[in-house]
Amino acid sequence: MKNESILVNDNFVKRKTIFSFVVFILFLCVSIFAWKKLQQQPKVDGALTTLRKGLELNEFIFANFMFNDKHLSKVYAKNLAAARVRVNGDVGLKNNIDTANWKLNLVKSIGDTLQITLAEIKALPKTEITFSFKCIEGWSQITNWGGVRFSDFVNKYGLSKQSKMKYVGMETPDSTYYVGIDMPSMMQEQTILCYEMNGQALPLNQGYPLRLIIPVKYGVKHLKRIGTLFFADTKPRDYWYELGYDYYCGM
Ligand SMILES: Nc1nc2c(c(=O)[nH]1)N[C@H]1C(S)=C(S)[C@@H](COP(=O)(O)O)O[C@H]1N2
Ligand SMILES: [Mo]
């Protein structure tokens with residue numbers, strides 16, 4: 001009697017094991033097949049079609065349900081800001097430009113470009129922010145920045161018509177690094193055209209003379225050394241987007 005019950009249990013376990021194994025193999029085959037299929041897909045702006053669709057769905061949810069211009073990024077006390085700020089990414093910073101003669105090219109419309117000096121930008125109301133800077137590579141650091149709010153800049157330069165467009169595009173003076181950003185994120189009050197870090201002029205490798213600081217976005221969008229700034233209703237070209245990353249890059 002005792003033996004019999006052990007036998008029954010043994011068989012039961014055996015059947016269960018075989019069943020699990022078959023399910024596992026089936027799962028493996030389906031996964032490999034799906035992966036192969038995915039690899040055969042054409043790429044859309046550097047990302048496989050399905051992945052690009054996933055990123056776009058992500059953007060749709062973030063832009064429409066998560067973003068709210070009243071929702072501010074967390075700020076920190078200034079004394080928590082790192083003294084030694086990490087440097088990451090030097091595309092567009094390698095060529096030595098004549099920084100003394102640098103001017104921001106503000107394209108108000110095609111054929112109407114205003115050249116603005118650093119002194120003129122510094123004359124606008126100044127604001128400061130200490131926040132947690134996040135890079136998609138997985139690091140973050142609390143840092144302190146100073147400059148003019150983009151929304152104040154828009155008001156001072158009479159860009160209300162332009163600010164009704166969908167995107168802002170920015171490029172380095174040599175046009176090798178470039179980003180496109182949705183207008184609600186640009187107009188959010190923590191977004192600044194930045195010329196100071198820890199109360200000092202920006203170091204060259206951190207974007208001297210002027211960079212973007214936009215706490216609602218990941219590091220990739222914080223373009224260092226802005227040469228040209230323009231407005232558009234279609235997505236401006238974007239360096240990391242072209243390499244397969246998400247366009248929106250919000251958090
Ligand atoms: N011109 C330019 N701006 C850039 C980059 C770059 O390569 N070139 N890299 C971006 C990335 S990926 C990050 S994380 C931040 C890093 O800014 P930091 O060097 O001040 O830390 O700059 C962004 N802005
Ligand atoms: Mo980054």
Side-chain angles (χ1 to χ4, degrees), residues 45-47 55 58-59 62 73-76 78 80-99 102-107 118 121 127-148 150 167-182 185-186 188 190-230 235-251:
D45 297 305
L55 291 173
N58 213 17
E59 165 172 346
F62 265 82
S73 293
K74 185 174 177 190
V75 292
Y76 296 79
K78 197 175 167 178
L80 293 176
R84 292 185 59 207
V85 181
R86 194 163 170 158
V87 176
N88 203 48
D90 62 356
V91 182
L93 304 178
K94 281 169 264 186
N95 303 331
N96 285 326
I97 57 152
D98 180 4
T99 50
W102 172 93
K103 285 189 185 73
L104 172 67
N105 289 304
L106 170 66
V107 185
L118 186 58
I121 290 169
T127 186
E128 251 187 74
I129 186 159
T130 304
F131 77 107
S132 175
F133 191 106
K134 294 186 180 69
C135 171
I136 45 177
E137 285 167 18
W139 55 268
S140 70
Q141 191 179 36
I142 297 174
T143 43
N144 170 269
W145 310 90
V148 56
F150 183 72
Y167 299 96
V168 170
M170 271 161 279
E171 306 203 346
T172 52
D174 66 2
S175 298
T176 57
Y177 196 82
Y178 36 88
V179 298
I181 297 174
D182 57 284
S185 299
M186 282 303 291
Q188 197 258 23
Q190 293 171 312
T191 299
I192 62 178
L193 298 180
C194 163
Y195 49 81
E196 272 182 16
M197 189 184 83
N198 290 332
Q200 308 283 318
L202 284 174
L204 278 169
N205 57 9
Q206 242 122 5
Y208 181 88
L210 191 74
R211 75 175 297 172
L212 184 70
I213 286 293
I214 181 160
V216 295
K217 300 288 188 194
Y218 280 97
V220 285
K221 297 283 189 183
H222 298 230
L223 183 131
K224 299 190 278 192
R225 193 177 293 160
I226 309 172
T228 302
L229 190 150
F230 62 96
K235 284 179 174 166
R237 63 184 191 143
D238 188 277
Y239 187 89
W240 284 103
Y241 177 73
E242 288 172 3
L243 294 172
Y245 279 79
D246 170 30
Y247 193 91
Y248 192 68
C249 277
M251 55 184 131

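All ligand and atom numbering here is 1-based and tracks the order in the structure.
Residue pairs meeting the salt bridge (Lys or Arg N to Asp or Glu O under 4.0 Å) criterion with at least one partner in residues 205-215, sequence neighbours excluded, do not occur; the list is empty.
In this structure, the side chains of F150 and V168 come closer than 4.5 Å at one or more pairs of heavy atoms.
On a distance-only criterion, W145 and ligand 1 share no N/O pair closer than 3.5 Å. Checking only distances, N205 never comes within under 3.5 Å of ligand 1, N or O to N or O.
With hydrogens left out, the protein atom closest to atom 3 (N) of ligand 1 is K224 N, 3.0 Å, a heavy atom. For atom 10 (C) of ligand 1, the closest heavy atom belonging to the protein is Y177 OH, 3.5 Å. Atom 16 (C) of ligand 1 has as its closest protein heavy atom N88 O, 3.2 Å. Among protein heavy atoms, the minimum distance from atom 17 (O) of ligand 1 is reached at R211 NH2, 3.3 Å. At the top of the distance list for atom 12 (S) of ligand 1, counting protein heavy atoms only, stands V220 CG1, 3.7 Å. Looking only at heavy atoms of the protein, atom 11 (C) of ligand 1 is closest to G219 O, 3.7 Å. Among all protein heavy atoms, the one lying closest to atom 2 (C) of ligand 1 is V91 O, 3.2 Å. Considering only non-hydrogen protein atoms, atom 24 (N) of ligand 1 sits nearest to H222 O, 3.0 Å.
Of all the atoms in ligand 1, the ones that sit under 4.0 Å from a non-hydrogen atom of C135 are 14 (S). Close contacts of ligand 1 with T172, meaning ligand atoms under 4.0 Å from a residue heavy atom, involve 1 (N). For ligand 1, the atoms lying closer than 4.0 Å to a non-hydrogen atom of G89 are 6 (C), 7 (O), 9 (N).
Contact annotation for Y218 and ligand 1: no heavy atom of the residue comes within less than 4.0 Å of the ligand.
Look at K221 and you'll find every heavy atom at least 4.0 Å from all atoms of ligand 1. In this structure, Q206 has a heavy atom closer than 4.0 Å to ligand 1. Note on ligand 1: G92 sits outside its first shell, no heavy atom being nearer than 4.0 Å.
For D45 and Y241, the side-chain atoms include at least one donor-acceptor pair closer than 3.5 Å.
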